[in-house]
Structure formats: structure tokens, C-alpha cells
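Below is one structure; the comments refer to it alone.
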Amino acid sequence: MITSEQRERLRGWFAGRLPDDLFEELIEVTVDREEITVIGRVPGPRPARDASPAEREATVEGRIQEFRERTREARMSVARDAEHRFGRKVSWGVECDGRRALFTHVAAPVMTRLRQPERQVLDTLIAGGVARSRSDALAWCVRLVQRHTDDWLTELRESLEHVQRVRAQGPDAGPEEEASAADGG
């Protein structure tokens with residue numbers, strides 16, 4: 001897990017490294033052990049006033065696809081630098097007219113052991129058409145928990161960052177670790 005300061009440094013690096021005309025606004029930079037996801041806002045299209053909802057949706061999809069193709073080389077250049085510097089894959093996404101679209105991103109396998117009652121929950125989600133597989137059902141459950149416990153998870157992450165800072169200042173910390181803890185990284 002990374003600290004708030006490390007997260008801010010990462011976001012700052014991307015804000016400084018991205019071409020000025022890539023996004024209207026850098027919305028979000030998220031990171032975990034495997035991946036950094038960068039999401040920016042792109043200008044929405046201007047469909048005709050009398051455009052149907054289907055036509056409006058298609059213009060947004062078209063705008064997102066146009067952005068993805070037009071900026072591929074610039075994004076790949078930034079991703080190469082970031083992957084070398086941070087040791088993680090970089091994924092991209094955009095928000096356009098209130099719609100979020102993620103481009104190719106990491107789907108990391110997660111090992112877990114579930115007992116029968118937990119497997120039955122996953123199988124029920126599959127039978128109900130909510131998921132195609134146990135893996136999809138487990139991801140659905142994680143998203144559901146995330147949606148309903150964001151405040152609790154934020155508080156937990158903050159307390160873990162505090163624990164990391166305290167550990168770094170402990171008696172086993174060498175001069176290098178103390179300096180690293182002092183500058184957040």
C-alpha cells in the first residue's frame with residue numbers, strides 16, 4: 001500500500017508529464033500493486049439539438065474512440081516512462097459527457113479459498129445472470145462492498161498509512177529507511 005504523499009507525488013508526476021493538450025482535466029490517478037490508472041476528462045461532442053438519446057450516446061462513444069486512437073502514441077510514451085519509473089503497468093480511461101470508459105487495463109488474478117456458503121453466493125449470482133463465472137461474481141461482490149463502504153475503506157487506508165509511518169520510525173529503521181519515511185517514500 002502506498003501513502004497519501006506517495007499517491008500525491010505520483011499524481012503530480014503524471015500532471016507534469018502528460019502533454020498539455022491530452023485532457024481537459026486530469027481527474028484521477030489510482031494505483032495498486034500491479035497497475036496505475038490515469039483518467040482524464042475529454043470534451044463532449046456537440047450533437048444536433050434534435051438528436052435522439054441513441055444518437056447522443058453514439059456521439060459520445062465516437063468521441064471516446066476518436067480520442068483513444070488519436071492519442072495512442074502520446075499515451076504509450078508516457079506509459080513507458082511511468083512503467084520504468086514506478087514498476088507498474090499504466091492503464092488509461094476518460095470521462096466524456098458524464099460517461100467513464102476504461103481502455104485496456106490489468107485484470108489481476110486473485111487467489112482465495114472459499115468455503116461452501118461463500119461459493120453458493122457466487123453460484124447464485126451466476127444462476128441469476130448477474131455474473132458469467134465465479135470470478136465475475138467475486139468481482140461483482142467486491143464492487144458492491146466498495147460502493148457501500150467507501151468511507152470505512154478510506155478510514156482503514158488512512159490508518160494503515162499511519163502504521164507504516166510509525167513502523168518506519170521504529171528502532172529497526174536504518175538511516176536510509178528513516179530518510180525514506182521522512183520524504184514519504
Side-chain angles (χ1 to χ4, degrees), residues 1-11 14 23 26-42 44 52-65 67-69 72 75-76 79 82-83 86-168 170 184-185:
M1 202 171 131
I2 69 170
T3 65
S4 294
E5 184 176 337
Q6 290 169 325
R7 197 173 299 112
E8 289 167 6
R9 287 179 185 269
L10 183 73
R11 181 181 170 85
F14 275 96
F23 297 126
L26 178 61
I27 296 174
E28 186 177 304
V29 177
T30 56
V31 62
D32 66 12
R33 289 186 291 183
E34 292 84 22
E35 175 181 32
I36 300 167
T37 303
V38 180
I39 299 176
R41 182 170 289 114
V42 297
S52 69
E55 184 178 346
R56 289 181 188 281
E57 179 64 22
T59 61
V60 170
E61 287 178 26
R63 175 60 51 92
I64 291 169
Q65 188 63 36
F67 171 85
R68 184 177 186 187
E69 292 170 10
R72 182 171 280 121
R75 288 183 295 107
M76 286 175 60
E83 288 170 8
F86 302 111
R88 292 170 171 92
K89 290 291 183 189
V90 176
S91 300
W92 299 91
V94 296
E95 278 190 10
C96 180
D97 259 13
R99 177 165 176 234
R100 182 172 281 204
L102 294 175
F103 305 152
T104 305
H105 51 282
V106 174
V110 178
M111 298 300 292
T112 187
R113 293 182 186 272
L114 300 176
R115 290 184 168 77
Q116 189 176 36
E118 290 101 8
R119 293 191 311 268
Q120 288 175 334
V121 169
L122 300 180
D123 293 343
T124 299
L125 293 172
I126 294 167
V130 173
R132 296 182 317 247
S133 65
R134 283 182 172 173
S135 177
D136 284 346
L138 186 57
W140 184 89
C141 290
V142 169
R143 287 190 302 271
L144 181 66
V145 168
Q146 179 185 18
R147 183 176 306 128
H148 293 292
T149 60
D150 269 344
D151 293 339
W152 182 82
L153 287 173
T154 299
E155 188 175 333
L156 180 61
R157 286 184 190 108
E158 289 170 356
S159 66
L160 289 171
E161 289 175 13
H162 179 72
V163 168
Q164 286 178 335
R165 284 192 303 273
V166 171
R167 276 191 191 141

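Just so it is clear, the model here is predicted, and its values are computed rather than measured.
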Check against side-chain contact (heavy atoms from CB on, under 4.5 Å), T37 and F103: CA-CA 10 Å; T37 303; F103 305 152; over 6 Å; no
Donor-acceptor pair, side chain of R88 and main chain of D32, under 3.5 angstrom: yes
Atom CZ of R99 with >12 non-hydrogen neighbours under 6.0 angstrom: yes
Check: G62 main-chain N/O paired with Q65 side-chain donor or acceptor under 3.5 Å: no
Under-4.0 Å salt bridge between R11 and E28: no
Separation of W140 CH2 from I126 CD1 (nearest 0.5 Å): 12.5 Å
Flag for S4-E161: side-chain donor and acceptor within less than 3.5 Å: yes
E95 with R41: basic N within carboxylate O range, under 4.0 Å: yes
Distance flag, aromatic centroids of F23 and F14, threshold under 6.0 Å: no
Shortest non-hydrogen contact from E118 toward R115: OE1-N, 2.8 Å
CG on L160 to CZ on R165, rounded to 0.5 Å: 11.0 Å
Between CD on residue E158 and CG on residue L153, distance to nearest 0.5 Å: 11.0 Å
Nearest-0.5 Å distance that lies between atom CG in L26 and atom CD1 in I39: 9.5 Å
By side-chain contact (heavy atoms from CB on, under 4.5 Å) - contacts of R72 (at least two apart): R68, E69, R75, M76
side-chain hydrogen bond (donor to acceptor under 3.5 Å, both in side chains) partners of residues 147-156, not counting sequence neighbours, each pair once: none
Closest heavy-atom pair and its distance - D97, G44: OD1-CA, 3.7 Å
Can you give me every donor-acceptor pair (side chain of residues 128-136, partner residue at least two apart or in another chain, under 3.5 Å) with its distance?
from	atom 1	to	atom 2	distance (Å)
R132	NE	D136	OD2	3.3
R132	NH2	D136	OD2	3.3
S133	OG	S135	N	3.4
S133	OG	D136	N	3.1
R134	NE	D123	OD1	2.8
R134	NH2	D123	OD1	3.4
R134	NH2	D123	OD2	2.9

Interatomic spacing from CZ in F86 to CD in E35 - rounded to 0.5 Å: 14.5 Å
Spacing of C96 atom SG and R63 atom CZ [to the nearest 0.5 Å]: 6.0 Å
Min side-chain heavy-atom separation I36-T30 under 4.5 Å: no
